[in-house]
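Remarks on the structure that follows.
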There are 2 protein chains.
Amino acid sequence: MSNSTQEDASAVPAGLPRRTEDGPAKLRMKADAAQRAAIAAELQAALDGPFAASRAAARDLITDRNLRPDDTLPLDEARERTLSQLFDLLATGAPRGAFRTDHGGTGDIGATLSAIETVGGADLSLMVKAGVQWGLWGGAVENLGTDRHVPLIRDIMELRVPGSFGMTERGHGSDVQALETTAVYDRATREFVIHTPTPMAEKWYIGNAAKHATMAAVFCQLYTPAGDYEEQDAGQDAGQDATTVPESWGDSHGVHCLVVPLRDADGKALPGVGIGDHGYKGGLKGVDNGTLRFDHVRVPRENLLNRFADVSEDGEYSSPIESDGARFFTMLGALIRGRITVGASAGSAARTSLTIATKYATKRRQFAPDDSMPESRLIEHRKHRLRLIPLIAKSYAMQLASNKLISRLAELETTVPDRTDMTKEQSANQRELEAHAAALKAAGTAHATRTIQECREACGGSGYMAENLITTFKDDSDVFTTFEGDNVVMMQLAAKELLTGFSREMGNLGPLEVVRFGLDSFGTLLKRRTAAEKIIQSLVDSVTDRETTSLFDPAYQVELLTERENRLLMSLIRRIRPAQKMSTADAAALVDSTQDHMLSCAWAHVDRIVLEALLEAEAALPDGQAKQIMEQIRDVYLLSLINDNSGWYQEQNILNGARTKAARAALNDLVDSLGPWAETLVDAFAVPESVLDIPLLADVSDPTALTFRCDTHPAAGMQG
Amino acid sequence: MSNSTQEDASAVPAGLPRRTEDGPAKLRMKADAAQRAAIAAELQAALDGPFAASRAAARDLITDRNLRPDDTLPLDEARERTLSQLFDLLATGAPRGAFRTDHGGTGDIGATLSAIETVGGADLSLMVKAGVQWGLWGGAVENLGTDRHVPLIRDIMELRVPGSFGMTERGHGSDVQALETTAVYDRATREFVIHTPTPMAEKWYIGNAAKHATMAAVFCQLYTPAGDYEEQDAGQDAGQDATTVPESWGDSHGVHCLVVPLRDADGKALPGVGIGDHGYKGGLKGVDNGTLRFDHVRVPRENLLNRFADVSEDGEYSSPIESDGARFFTMLGALIRGRITVGASAGSAARTSLTIATKYATKRRQFAPDDSMPESRLIEHRKHRLRLIPLIAKSYAMQLASNKLISRLAELETTVPDRTDMTKEQSANQRELEAHAAALKAAGTAHATRTIQECREACGGSGYMAENLITTFKDDSDVFTTFEGDNVVMMQLAAKELLTGFSREMGNLGPLEVVRFGLDSFGTLLKRRTAAEKIIQSLVDSVTDRETTSLFDPAYQVELLTERENRLLMSLIRRIRPAQKMSTADAAALVDSTQDHMLSCAWAHVDRIVLEALLEAEAALPDGQAKQIMEQIRDVYLLSLINDNSGWYQEQNILNGARTKAARAALNDLVDSLGPWAETLVDAFAVPESVLDIPLLADVSDPTALTFRCDTHPAAGMQG
């Protein structure tokens with residue numbers, strides 16, 4: 001075992017405490033406002049991670065432009081407002097990081113993603129619109145295109161060409177490989193013919209499409225002429241019934257992406273292009289989602305984004321990647337930014353909601369124990385602390401894991417710009433990154449959904465008033481569990497990667513194929529740790545005696561989560577191995593019956609990698625009060641997980657009932673310990689004051705200075 | 001032990017199976033459409049319970065008027081639309097059940113509540129507006145007023161006087177006893193002076209107030225002249241600073257309710273009345289919530305709703321109930337209809353959402369195991385069944401429990417019209433009813449919040465489109481966990497009643513007082529069972545051998561939930577007993593530290609009474625397929641609870657790890673068994689076809705018959 005610390009292997013690595021006592025360390029309770037602000041700043045620095053500058057710029061933009069959702073605007077106004085904010089965001093320069101320096105960008109993808117994430121903490125419509133423009137539409141052309149597309153990339157970057165990302169279809173959202181839109185090469189005119197063969201093949205939910213996009217990256221099944229023949233008539237014969245593919249279309253090459261113009265300079269749809277408008281959604285009123293339909297729309301051959309596959313003038317198909325499946329997944333792999341941004345931004349919205357609910361809870365008073373005592377502040381109730389503080393702790397953990405993911409993406413994009421020629425190690429890294437992006441997308445968005453709901457309820461009636469923003473964050477973030485990959489599908493994808501040990505050879509297979517042909521032997525599973533994670537490995541190796549080890553001990557904590565991940569994966573493999581010798585139908589049924597188990601594996605994995613991100617951040621903090629607080633945040637995160645899985649830990653004889661009870665009691669102690677620090681904890685989220693300038697917080701900040709709202713209420717004037 | 005069946009005590013009561021095998025009974029899978037419809041009808045009859053006729057009438061109204069939420073309307077239009085629908089609802093006669101026959105009503109409260117609940121399955125704005133008008137405003141005058149208020153009651157019933165329920169204040173929502181608005185009797189003019197002393201005393205979130213109410217039932221701290229003196233000048237001296245009460249106000253009598261006119265015939269606010277408008281909320285766009293402020297508004301003495309307390313012309317206060325606290329809780333007890341309706345209606349919205357998501361899941365296809373096999377329907381995935389079927393089962397259980405609650409309310413209102421002279425048994429029944437109303441309100445609304453969220457996600461992108469209604473149900477129902485009593489407060493209230501054994505003497509105390517002075521001895525706790533529940537008691541008595549008893553055995557199931565309730569309550573009492581000898585501050589701290597434990601007790605209680613409602617409904621079904629399905633629904637409900645609490649059951653040595661694992665496996669078996677019946681299960685909810693006429697269901701019903709939505713989309717026309 002490599003030893004990344006200067007101490008001996010059995011000791012705790014530098015920067016992390018070895019706890020044996022069964023209780024949280026005492027926090028120094030007496031801290032004045034300046035000391036608290038200093039601690040919040042230190043915690044904020046840890047949370048901002050390597051992206052402090054881009055986050056600061058985004059916060060300035062939020063403050064300058066008073067960015068925040070406005071649920072009272074009519075649909076059209078909301079959409080135009082968000083479009084104009086997009087130009088504000090461009091003016092900060094943040095979007096240019098999504099593009100390479102030789103394309104006119106800054107190449108600082110970490111800066112762009114963290115800026116968009118930060119904007120998500122103020123207005124998710126703007127975040128999504130930015131994500132569509134620069135992340136999805138720009139990202140498709142940037143990552144799937146070649147030199148001939150650079151002028152377009154510059155136009156996208158500078159918002160001269162607003163565009164859409166035309167992947168999802170009415171009939172196929174999560175199962176992208178099965179989508180139906182066709183692109184058939186017509187050798188005669190050197191054009192592709194883009195066509196929507198069935199109503200189920202319409203592109204649906206497409207951001208920017210209903211109003212603003214002038215072009216789209218459209219994902220299609222690509223066909224090129226079979227062999228060498230004279231007459232090729234895709235444009236003529238391809239009728240609306242595409243259940244059978246006309247022989248004249250030639251060979252199928254699977255899903256590819258092409259640039260398709262949608263609107264003319266006056267904003268009118270081009271001939272053959274049908275555009276629908278989804279109108280009102282559950283939220284994201286500022287985003288104009290629409291539908292796209294193509295009736296034999298012709299685009300030049302050069303509109304194929306040809307980085308991973310090309311079609312010559314005379315219709316010859318070529319690709320550096322032989323298998324259709326492998327090529328498809330390589331293309332998708334180049335597009336994971338969107339997925340990463342979605343998970344990160346959901347977390348950002350959750351942090352804003354937690355900041356609102358926590359500040360409210362530290363001021364709002366209700367219920368006196370009896371007439372002799374004052375009314376308690378909400379945070380002084382144990383249950384209220386149990387509602388908010390574990391969610392705050394998890395928000396810390398998720399943000400740190402998300403930072404790490406963004407850093408890894410930036411590193412990989414820098415070191416391996418050309419994805420077609422990776423080493424085995426690079427390929428495994430890329431696969432792991434994809435799996436983590438999927439898993440953290442699901443975990444982050446699920447956390448946000450739960451957290452914002454809890455914050456709404458914890459603010460009572462005030463939380464339900466649109467002026468206090470929480471309901472809009474709830475509405476806007478609600479689809480985050482669905483778009484950029486449905487959470488259940490994402491977790492299955494992550495589980496599949498766990499089953500293959502992130503192997504390149506296996507990663508292109510579907511879940512059933514993985515099970516039938518690609519189960520890794522357990523020996524090579526789970527052993528991957530990046531260099532940065534050696535500190536974690538030495539922690540795990542340092543655990544000597546499980547029975548007596550403290551639940552507060554970081555080494556034991558990692559072991560508890562690692563053990564859960566390993567056992568769940570081992571038992572899953574035992575369950576599905578028989579499928580290898582079954583008929584397809586039987587094997588599919590068996591694999592489906594383990595679906596819940598498979599998802600549990602992915603959750604166990606993500607729980608563990610998130611803990612490790614927390615530990616790394618804690619280890620990097622200098623000794624002091626902020627570090628002690630971070631330690632307790634880590635304990636809250638861990639003990640919440642133990643509580644949530646206490647049945648499993650007992651079933652597995654890893655923890656007995658006395659210890660799971662102790663975990664519950666310890667969590668209570670911890671929220672009591674952190675209760676007086678609650679506001680400091682959320683101050684570290686650094687939500688701009690302009691977002692927090694809402695009636696709900698004004699209402700409680702100084703009741704004696706309040707005015708009658710009947711006279712002043714912004715929503716409507718007083719009557720009478 | 002009384003034996004309510006004709007069999008011997010150790011046998012299973014008539015109507016319930018005694019299971020020893022560890023697996024669900026085989027359901028007959030081959031059933032044609034007619035057979036399935038017959039089974040759905042039988043299940044529907046069980047769910048409709050004693051309220052089939054009123055539910056049918058409400059369903060007819062929904063169909064006739066095409067009632068459903070419309071999220072695309074501007075605020076004002078949405079409000080006017082809901083007001084006009086209120087007249088439609090009145091035309092069905094349903095609201096008249098909320099009023100006694102001698103007041104011009106029909107006295108059939110069960111019919112009214114179940115009709116309003118059913119409307120909630122189509123449009124929660126209308127449900128809430130109806131609840132405000134007839135349940136809260138009408139209910140206050142009906143239940144707190146006397147003969148002199150009968151003309152007003154008739155006007156309310158016939159919608160001639162739209163009104164508000166002015167209880168909640170900006171500063172005090174859940175803690176109603178602490179509200180600040182004052183009503184001071186002025187002997188000189190024989191009027192009450194209604195005043196809002198501080199900004200925090202404004203009435204907030206008041207339904208109907210922003211636009212339509214012409215009067216309100218306003219809850220105030222009541223003051224009458226102290227003794228006999230000449231000069232009484234409440235109208236003059238009571239300034240806005242009411243932190244000290246002027247001596248001239250006289251004696252305080254606690255919270256009382258008075259009728260206060262708000263608007264003149266032109267809709268203009270009356271002098272001294274300030275009305276604000278909350279504008280946009282998280283949902284319920286059709287309900288005009290507003291704020292109310294009173295500046296020394298004078299109302300005649302007769303406007304006091306004087307059923308439980310009166311003030312004579314010369315200012316003498318009298319009440320049949322001596323203690324202010326007891327009187328207050330008696331008043332509140334008369335107003336639990338609202339709470340019951342809220343819980344029931346949330347369930348109704350959850351059932352509609354489940355119907356949409358389940359029908360979608362039985363048709364929508366995505367993902368083929370491999371190219372040789374067709375794409376699977378969503379319901380064919382185990383995880384999808386695990387998402388929906390336990391929520392369907394719980395929805396059955398909650399509706400049956402809610403029916404029972406409504407029936408008990410109706411029975412009690414009939415047998416004990418005058419609440420001031422109850423027998424000890426009647427009083428305990430009333431207390432239990434209040435506790436169950438609080439607990440089921442919290443459990444029902446929490447279930448709805450979780451269920452509608454899951455349904456939204458289970459429908460993917462389609463679920464996020466406003467046209468498919470789920471997001472509006474989510475938005476509209478979201479505040480149900482807060483209004484009519486915050487869920488945390490409701491569960492504490494229920495726990496408090498458990499601690500006092502529903503005793504009248506103790507029920508008026510606050511939680512801390514209960515603990516310090518009112519802890520019941522455990523001997524008398526939990527022993528109450530109504531006559532109708534004797535079947536349950538004999539079940540419990542029939543369990544002989546825990547170790548081998550099947551988890552499918554209904555007797556053992558009741559025992560498992562009863563044991564959880566009993567043990568949690570016993571250990572809670574052990575924890576809080578020391579508070580009896582502590583200082584107030586220490587006792588309050590100790591009690592607060594058990595808050596989570598207290599809430600667990602209430603949850604355990606509600607879980608048990610809900611199971612019992614399921615068992616009673618199952619026992620009443622004739623033998624056959626519907627009954628077998630109901631049995632499996634009960635098993636799913638129970639096993640889900642065991643899974644959720646598997647950590648606790650192991651800690652307590654009630655179930656070992658092998659049995660909790662078996663419970664998880666059994667739940668999987670059950671959702672597999674019920675999967676093919678999923679659509680039948682939701683058909684029994686009898687959601688009107690007009691509510692289900694949404695694009696999401698049309699999209700999947702027959703993909704070959706679909707048109708291109710770009711051309712036909714209702715939200716916006718095609719462009720280009």
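Letters A, B, ... are given to chains in the order of the sequence lines, protein chains preceding strands, and every chain is numbered from 1. All figures in this text were calculated on a predicted structure; none of them were measured in a lab.
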Options [options], ranked by heavy-atom pairs under 4.5 Å with chain B, top entry:
| options | result |
| --- | --- |
| A/A589, A/G657, A/S593 | A/S593 |
| A/M200, A/K474, A/H381, A/R387 | A/H381 |
| A/S376, A/A178, A/G283 | A/G283 |
| A/G460, A/G171, A/P74, A/G173 | A/G171 |
| A/G463, A/S462, A/A658 | A/S462 |
| A/Q652, A/K383, A/E380 | A/K383 |

I need the minimum non-hydrogen distance between A/P199 and B/T707, along with the two atoms involved.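 That closest heavy-atom pairing would be CB-O, 3.5 Å.
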
Nearest heavy-atom neighbours spanning A/G647 and B/S646: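 Minimum heavy-atom separation between A/G647 and B/S646: CA-OG, 3.3 Å.
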
Which value, rounded to the nearest 0.5 Å, describes the distance between [X] atom [atom1] and [Y] atom [atom2]?
| X | Y | atom1 | atom2 | value |
| --- | --- | --- | --- | --- |
| A/T481 | B/Y464 | OG1 | OH | 9.5 Å |
| A/T72 | B/Y280 | OG1 | OH | 6.0 Å |
| B/Q650 | A/Y649 | CD | OH | 13.5 Å |

Is it true that B/E651 and A/R664 make a salt bridge, defined as a side-chain N closer than 4.0 Å to a carboxylate O?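 Counted as a salt bridge, because a side-chain N and a carboxylate O are separated by less than 4.0 Å.
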
With a 4.0 Å cut-off on N to O distance, would you call B/R382 and A/D596 a salt bridge?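 A salt bridge is absent here (no side-chain N lies under 4.0 Å from a carboxylate O).
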
If you count heavy-atom pairs under 4.5 Å between each of [options] and chain A, which one has the most?
| options | value |
| --- | --- |
| B/Y205, B/W648, B/F483 | B/Y205 |
| B/T471, B/D592, B/T594 | B/D592 |
| B/L284, B/D475, B/D486 | B/D475 |
| B/V479, B/D264, B/D672, B/L599 | B/V479 |
| B/H384, B/M465, B/R450 | B/M465 |

List the residues meeting salt bridge (Lys or Arg N to Asp or Glu O under 4.0 Å) with A/R364, not counting sequence neighbours, and say none if there are none.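 Applying salt bridge (Lys or Arg N to Asp or Glu O under 4.0 Å) to A/R364 gives none.
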
CA sep, side-chain torsions, deciding dist, call: A/H172, B/E375, side-chain hydrogen bond (donor to acceptor under 3.5 Å, both in side chains): CA-CA 11 Å; A/H172 292 93; B/E375 292 179 316; 2.6 Å; yes

For the pair B/E457 (side chain) and A/T482 (backbone), establish whether a donor and an acceptor sit closer than 3.5 Å, ignoring hydrogens and angles.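 No; judged by distance alone, with no hydrogens or angles, the pair does not exist.
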
In terms of heavy-atom proximity below 4.5 Å to chain A, should B/A201 be classed as side chain, backbone, both, or neither?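 Neither the backbone nor the side chain of B/A201 comes within 4.5 Å of chain A.
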
Taking atom types as modelled, find out whether A/D478 and B/Q453 have a side-chain donor-acceptor pair closer than 3.5 angstrom.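 Yes.
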
